[in-house]
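A quick write-up on the structure given underneath.
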Amino acid sequence: MGVKNLWDVLESCKKTLPLRHLQNKRICIDLSCWMVQLHNVSKSHSCLMGKVYLQGLFHRLRALIALNCSIIFVTDGAIPAIKIATYRRRLNSKNEVNNGETNSEKVSSLRRNMGSEFSCMIKEAKILGMALGIPCLDGVEEAEAQCALLNSESLCDGCFTLDSDIFLFGARTVYRDICLGDGGYIVCYEMSDIERQLGFGRNSLITLALLLGSDYSHGVHGLGRESACEIVKSIGDNAVLQKIASEGLSFAKKTKGLKKQGQNLMNNKENLMVHNSDMNRYEPCSSKDRSVLDVINAYLKPKCHSADSAAVHRVLVQHPFQHVKCQQICNQFFAWPTEKTDEYILPKIAERDLRRFANLRTMSSELGVDLPLHEMPTKCPVSGIIKQRKVQGKEFYEVSWEEELHGLKTSIVPADLLERACPEKIAEYEEGKAQKKKQNRCNARAKKSGNEASMAEIDQRLQNLLLDIESESSRNTTFTCPSLASSTDISGHNTDVLETIPVLDKERKSSNEEGSTGVKYENEIIDLLSPSPPRLRLTLSSNKQQVKPSPKVVNVIELSDSETDMSPEHQRKARELRLFLASVRD
């Protein structure tokens with residue numbers, strides 16, 4: 001919990017920052033606070049069996065890993081003696097307190113029950129963190145106190161916690177909430193903003209804890225946060241703790257009584273002097289008020305690992321990512337196959353390595369050493385750019401990796417990161433892209449000219465085919481007339497009259513020719529293309545005796561456009577023409 005209503009007091013100093021604000025930072029995480037928060041989201045039995053709270057922790061960590069955050073888990077140690085009563089009241093149970101340690105005055109602190117359900121959740125989180133390369137620092141007592149010490153000693157850039165009393169332990173930058181999803185962000189509080197906007201330093205916040213109540217004190221009954229803030233501001237940050245040490249909380253009670261009578265102690269200096277004289281005449285501190293000194297010391301001098309201790313040095317070094325171990329843990333906790341685990345974590349690990357390379361180039365540039373890409377002491381992890389991508393309106397590049405990271409061949413990275421890490425790769429990609437466009441234009445022109453030549457060839461073939469069909473039609477316009485008539489000569493013999501009739505557009509000779517069969521044709525032109533050809537009049541002759549029988553009428557067979565009346569060659573040409581025209585249309 002921390003200090004009662006303190007987050008409301010600090011509301012005006014709250015800042016919402018994008019998640020990328022954490023990139024390249026070292027942060028401490030109060031692991032108990034995160035697990036409580038994630039556990040509250042998934043309290044159902046199915047969520048507990050599926051360890052949804054642990055999956056939520058995994059996704060938070062992978063997002064921070066991609067930003068190249070150096071993460072340190074910090075866990076609670078023993079329960080401070082001053083907090084035992086609050087701890088028991090909060091749990092409403094004595095299960096985690098060992099027998100014989102019920103009197104907080106006789107013990108300095110209490111060990112936690114490491115076999116409880118929540119302690120098992122903390123163990124699982126630590127195992128998952130170690131597989132991801134995240135060390136854990138087990139605090140001596142309060143985890144937020146250990147985080148605050150690392151932050152105040154500039155060993156980390158900020159602390160994640162939900163306990164507002166972390167400011168009282170000396171923290172300078174506190175992250176209260178984190179949101180992933182679209183447009184991820186964090187909620188941040190800076191001690192510099194609190195001092196500038198509210199006029200509250202560390203001493204003033206400790207006084208507010210004494211007045212409003214906290215894990216270490218009950219506070220002044222009936223005193224609200226506005227009245228408490230006015231009292232603290234009236235004294236000032238430098239003198240407020242000294243006043244409490246000498247007078248206890250009696251001055252706050254006296255001030256509360258004067259305010260009810262309508263006297264404003266902040267109006268002028270004279271009222272302040274009267275107030276001070278009244279404080280001097282107030283009764284000495286009771287034994288209950290003297291306990292405030294223990295609260296002040298608990299905030300000012302918490303039990304923690306010192307900044308130069310071996311435990312702190314151990315967590316400050318870089319820990320490797322254990323790929324196989326991570327796969328095994330995700331399979332054990334979440335029943336994920338190795339492919340799913342790799343899909344989640346490997347692109348984030350690769351992005352972290354690229355950020356580290358970008359930081360190396362930036363640092364060398366700031367030192368005045370601008371080395372080309374191939375002369376860098378560390379090889380660039382990116383082999384090349386495959387294509388440009390846009391994800392949720394932001395520019396990304398799909399890249400291939402120089403050395404396959406645990407089997408990862410390609411992934412997408414932010415465009416601004418790649419520009420900082422290896423702008424040479426972007427220039428190479430743009431040059432290849434321009435060259436490819438130029439080649440495509442040349443191919444398009446060649447294809448267009450080829451198409452034009454192809455169309456010219458098609459036209460020529462079409463014309464030749466039409467000419468062949470016309471000439472074939474001209475050759476096939478002669479036909480053989482069937483038996484025109486059955487005539488009888490003078491001697492009584494039957495004579496079959498057969499004649500081949502040309503149907504060209506030429507005129508016959510003006511004189512009738514007498515064939516071997518004795519058939520004579522009159523001067524008539526037969527137009528086979530006309531709807532109905534004229535009738536022929538035939539004259540039969542004989543060497544012995546000329547007889548002029550009554551003329552017989554012979555019908556000429558009309559031509560049809562059907563393929564059955566065409567020659568095989570004509571049919572083939574027509575079929576080719578139809579197929580060719582169909583292919584042109586397609």
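For the pair E419 and Y397, the minimum side-chain heavy-atom distance is 4.5 Å or more. Contact annotation: the side chain of L316 approaches that of R26 to within less than 4.5 Å [non-hydrogen atoms, C-beta and beyond]. Two residues are said to be in side-chain contact when any heavy atoms from C-beta on lie closer than 4.5 Å; F160 and L22 meet this criterion. At a threshold of 4.5 Å between non-hydrogen side-chain atoms, the residues V312 and S306 do not count as touching.
In this structure a side-chain-to-backbone donor-acceptor pair under 3.5 Å is present from S234 to I231. Proximity of a side-chain donor or acceptor of R172 to a complementary backbone N or O of N151 within less than 3.5 Å is not detected. At least one donor-acceptor pair closer than 3.5 Å links the side chain of N40 to the backbone N or O of V36.
Between the CD atom in E11 and the CG atom in L198 there is a gap of 11.0 Å [rounded to 0.5 Å]. A distance of 9.5 Å separates NZ in K348 from OG in S411, rounded to the nearest 0.5 Å. A distance of 8.0 Å separates CD1 in I345 from CG in L61, rounded to the nearest 0.5 Å. Taken from CD1 in I235 to CG in N238, the straight-line distance is 12.0 Å, to the nearest 0.5 Å. Here S365 contributes atom OG and R420 contributes atom CZ; the two are 12.0 Å apart, rounded to the nearest 0.5 Å.
Between the side chains of R355 and N24, no donor-acceptor pair of N or O atoms lies under 3.5 Å. With 3.5 Å as the limit, one finds a donor-acceptor pair spanning the side chains of D76 and S32.
Ring pair Y216/Y299: centre-to-centre distance below 6.0 Å. H59 and Y344 have their aromatic ring centers within a separation under 6.0 angstrom.
Between C188 and T173, the shortest heavy-atom contact is SG-CG2, 4.0 Å.
Heavy atoms of other residues, nucleotides or ligands lying less than 6.0 angstrom from CZ of R20 number 12 at most. The number of heavy-atom neighbours closer than 6.0 Å to CZ of F334, taken from other residues, nucleotides and ligands shown, is above 12. The neighbour count for K325 NZ, taken as heavy atoms of other residues, nucleotides or ligands under 6.0 Å away, does not exceed 12.
Salt bridge absent: K83 and E141 never bring a charged side-chain N and a carboxylate O closer than 4.0 Å. For E343 and K340, the salt-bridge test fails: no basic side-chain N is under 4.0 Å from an acidic carboxylate O.
Between H406 and H323, the ring-plane angle classifies as tilted under the 30° and 60° cut-offs. Between W7 and F167, the two ring planes are perpendicular [angle over 60°; tilted spans 30° to 60°].
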